[in-house]
Amino acid sequence: MTFVRRMLWREIRTSWSRLGFFFLCVGIGVAAIIVLRSVVQNVRTALTAEARNLIGADLILQSTRPLGANTRARIEAEFKAYGVTGGLDVIETQTMASAAEGVGNRQVKLVEIRGVSDGFPYYGAIELEQGRVFSHDFVAGHGVVVQPELLIALGLRVGDTVRLAGQPFEVRGTIAKDRAQRRGIAFGPRVYVDLDDLKGTSLLAFGSRASYQLLARLPVEPSALTQRLREVLRQDSVDVRSWKTQEDQLGRNLATAENYLSLVGFVIVVLGGIGVWSVTRVIVQQKVRSVAILKCISQRVGHQCS
């Protein structure tokens, strides 16, 4: 065994770089899998904690047409049964925005308009530049709050006038952070206006493309009411979702991403294994002559002893 230990130390001392490469390949592969899974888990925790802020409410009912009186009556009956009082109406649509006469650069920009009522949003405050927080006073009386890219595109500043659907609106603030999630493709910078002012334009006429939403705050966990409303409104083409639905969707998407990234880490381990096999093969080829000499010496010594 002393001879074996001496030979092992000799090989390690002369091949420490190859041995280090072996451990490096395996270590990188394992570390990649651990780091990727850890990052995905941290992102999942952060996003699910922000689920309410992403939709701005506990529950959202959304339709491509205005909610009729009969539909609203059934919704209010279910709200009452679960202790929900009131709700916020929100309408989203798209139009072209341009600067008023005498200001800006005469460019035209497609924007996404969100008409909101007083009290919006329930969760996730909209942060404006200069540290201000959005309130309904910013948009009351033909005012708007816009994303900064719209001002850049039209050459405007806060206090200037922008035209939406042929009507003038005063720019009263610039959005610094808006947590509200967009569903589908974003058609342009977001513009917040007063809901009544939006209804006073021609953007909601027959044939217009708009999304009508009803936001609610719940005193209880939303899963039961969400399922109940889906059953009641099954024939009304009303989409019902809650922050819990949003959390589940985020979880599924992140689980898919985690599996994909784990597969990438596994591929790294396999490639590392191929590298180790290649290095080992070269080492064995280099040691064939030494092994043969040692074998011959051992046979000669054994023959002399016998």
Side-chain angles (χ1 to χ4, degrees), residues 50-57 60 62 86-204 208-217 243:
E50 290 287 321
R52 278 191 176 94
N53 295 334
L54 291 176
I55 68 173
I60 293 183
Q62 183 172 348
L88 295 177
D89 285 301
V90 176
I91 300 178
E92 292 184 356
T93 187
Q94 296 81 35
T95 189
M96 305 302 293
S98 62
E101 190 70 26
V103 296
N105 52 19
R106 297 185 180 181
Q107 297 293 321
V108 178
K109 181 73 173 178
L110 178 65
V111 296
E112 181 182 281
I113 297 181
R114 171 173 277 192
V116 298
S117 51
D118 192 11
F120 175 88
Y122 284 128
Y123 304 102
I126 302 172
E127 300 177 13
L128 307 181
E129 291 186 351
Q130 299 178 353
R132 297 179 296 176
V133 179
F134 173 84
S135 68
H136 190 261
D137 294 335
F138 281 95
V139 297
H142 275 72
V144 294
V145 172
V146 303
Q147 290 185 320
E149 51 263 37
L150 178 62
L151 299 183
I152 296 173
L154 300 182
L156 299 176
R157 297 178 299 176
V158 174
D160 290 338
T161 301
V162 62
R163 297 186 66 84
L164 302 171
Q167 295 189 17
F169 289 83
E170 181 185 358
V171 179
R172 296 177 181 170
T174 306
I175 299 172
K177 181 183 293 184
D178 186 3
R179 295 184 177 88
Q181 184 189 41
R182 302 179 188 225
R183 299 198 75 187
I185 301 174
F187 288 92
R190 177 172 286 172
V191 177
Y192 283 93
V193 302
D194 178 64
L195 182 62
D196 293 332
D197 292 338
L198 177 59
K199 291 180 178 180
T201 66
S202 59
L203 296 176
L204 304 180
S208 62
R209 184 183 182 278
S211 172
Y212 298 84
Q213 302 174 10
L214 178 61
L215 280 61
R217 175 185 287 172
W243 68 266

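As the structure is a prediction and not an experimental result, all values here were calculated from the model. What's counted below: heavy atoms across the whole structure, side chains too, no hydrogens, waters or symmetry copies.
Of the possible polar contacts, none joining the T93 side chain to the I113 backbone as a donor-acceptor pair under 3.5 Å is found. Side chain of Q147 to main chain of D178: no donor-acceptor pair is present (N/O by atom type, distance under 3.5 Å, no hydrogens or angles).
Taking CG of L204 as the start and OH of Y212 as the end, the distance is 4.5 Å to the nearest 0.5 Å. Separation of atoms CD (Q130) and CZ (R132) is listed at 5.0 Å; rounding is to 0.5 Å. Between the CG atom in L156 and the CD atom in Q107 there is a gap of 11.0 Å [rounded to 0.5 Å]. In this structure, CG on L214 lies 5.5 Å from CG on D89, to the nearest 0.5 angstrom. In this structure, OG1 on T201 lies 11.5 Å from CG on D196, to the nearest 0.5 angstrom. A distance of 8.5 Å separates CG in L154 from NZ in K109, rounded to the nearest 0.5 Å.
Nearest heavy-atom pair across N105 and G155 is ND2-N, 3.6 Å. Heavy-atom minimum distance, L203 versus S208: O-CB, 2.9 Å. Among all heavy-atom pairs drawn from G143 and D197, the shortest one is N-OD2, 4.4 Å. Residues G188 and E112 approach most closely at O-CB, 4.1 Å, considering heavy atoms. Considering every non-hydrogen atom in both S98 and V108, the closest pair reads CB-CG2, 4.3 Å. Of all non-hydrogen atoms in V111 and A97, the two that sit nearest each other are CG1-CB, 3.9 Å.
No side-chain heavy atom of V133 sits under 4.5 Å from any side-chain heavy atom of I126. Between V162 and V144 the shortest side-chain heavy-atom distance falls below 4.5 Å. Residues F138 and Y192 fail the side-chain proximity criterion, which asks for heavy atoms closer than 4.5 Å. With a 4.5 Å cut-off on side-chain heavy atoms, L88 and V116 do not count as touching.
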Apply side chain to side chain contact (heavy atoms under 4.5 Å, CB included) to the pair R157 and V171, showing each step before the final yes or no. CA-CA 8 Å; R157 297 178 299 176; V171 179; over 6 Å; no
Check the pair F134 / I175 against side chain to side chain contact (heavy atoms under 4.5 Å, CB included), numbers first and verdict last. CA-CA 9 Å; F134 173 84; I175 299 172; over 6 Å; no
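Applying the side chain to side chain donor-acceptor pair (under 3.5 Å) test between D194 and each of K199, H136, H142 identifies H136 as the sole match.
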